[in-house]
Amino acid sequence: MRVQGTIHDLTTDMKIITQHPEARQVIKALQITDTHLFADSQGSLLGLNTEQSLQAVISQIRAHRRATDLILATGDLVHDGTRAAYQRIFSHLGNFDQPVYCLAGNHDEARTLQNTLREGRIKYVEHAYHGSWHFIFLDSTVAHSEGAHLTKATLNALETYLQEAPDTNTLICLHHQPIAMGSHWLDTMAVDNPEAFFGITDRHPQIRGILWGHVHQQFDGMRNDVRLMSTPSTCIQFLPKSRNFALDSATPGYRWLDLHPDGHIETAVERIAAVTGKVDMASNGY
Ligand SMILES: [Fe+2]
């Protein structure tokens with residue numbers, strides 16, 4: 001995959017996370033991703049009960065008592081695509097007092113996701129404004145495929161939304177990674193037309209960050225002046241830089257983001273201490 005621009009990996013260099021004085025106008029977001037719930041509450045991925053794992057992550061979020069304005073649920077909300085699984089995930093997400101913006105991932109059924117939504121705080125939209133920030137949600141899924149593509153219509157919508165608010169700090173969210181993660185098996189499922197995507201984003205300096213799920217691992221980087229971020233799943237973790245499928249012993253987690261009025265992004269990943277049950281670490285797929 002060829003992507004213009006140099007990408008700096010900041011994952012192990014979190015020193016750029018600093019306190020910022022303009023705390024009052026900061027938009028505070030949480031990212032919860034790749035929850036992979038099943039219709040059955042006993043459903044598990046490689047030995048890990050995904051609903052219990054999600055509940056542990058949510059308990060940690062509540063324990064930390066972070067002020068929150070919105071939640072970003074960046075796909076693979078369910079694993080089996082069933083209406084019952086969506087009802088389960090929405091019952092968890094609906095317990096938050098803030099709007100929850102959902103994206104579909106490669107394990108989702110977008111139509112079922114949409115049909116299961118009721119009026120309320122859980123939303124499936126293309127973009128939204130909060131304070132001095134603009135959030136754009138891109139559908140990167142391809143029907144009946146695990147791969148990723150941004151269609152002409154999606155890219156046109158991106159361009160339109162960016163032109164609509166050229167002076168508003170913007171965070172772009174999608175499910176799949178738009179850059180190579182250095183993990184061969186995962187990168188076969190990366191966005192397959194990143195040149196078209198970055199060809200647009202490079203013309204819009206109000207974009208401050210690009211955020212994704214799918215890769216079940218943390219990544220923090222910079223491309224030009226844009227922050228790039230991926231976030232651990234709330235269930236199983238994939239081993240970074242692994243050529244073939246491999247699990248990581250890192251625990252599930254979530255990401256918080258403080259989005260400042262000047263465009264500065266303060267962010268970190270938080271993980272739970274341990275998982276319940278025995279994960280099949282030797283598995284070569286799921
Ligand atoms: Fe996933």
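Note that these values count all heavy atoms, side chains included, but never hydrogens, waters or copies made by symmetry. Each ligand, and each atom within it, is numbered from 1 in the order the structure gives. In this chain, residues are counted from 1 in sequence order. None of these values were measured; they are calculated from a predicted model.
- In the model, Glu159 has a side-chain atom that pairs as donor or acceptor with a side-chain atom of His204 under 3.5 Å.
- Under 2.8 Å from the Fe ion (ligand 1) lies an N/O/S atom of His216, whether from backbone or side chain.
- Summary: OD2 is the N/O/S atom of Asp76 found nearest to the Fe ion (ligand 1).
- Of all N/O/S atoms in Asp34, OD2 sits nearest the Fe ion (ligand 1).
- You'll find the side chain of Ile265 reaches within 4.5 Å of the side chain of Met229, heavy atoms only.
- No hydrogens or angles considered: nothing links the side chains of Gln218 and Thr231 as a donor-acceptor pair under 3.5 Å.
- At least one N, O or S atom of His36, from either the backbone or the side chain, sits less than 2.8 Å from the Fe ion (ligand 1).
- In terms of heavy-atom proximity, Met189 sits nearest to Gln177 at O-OE1, 4.0 Å.
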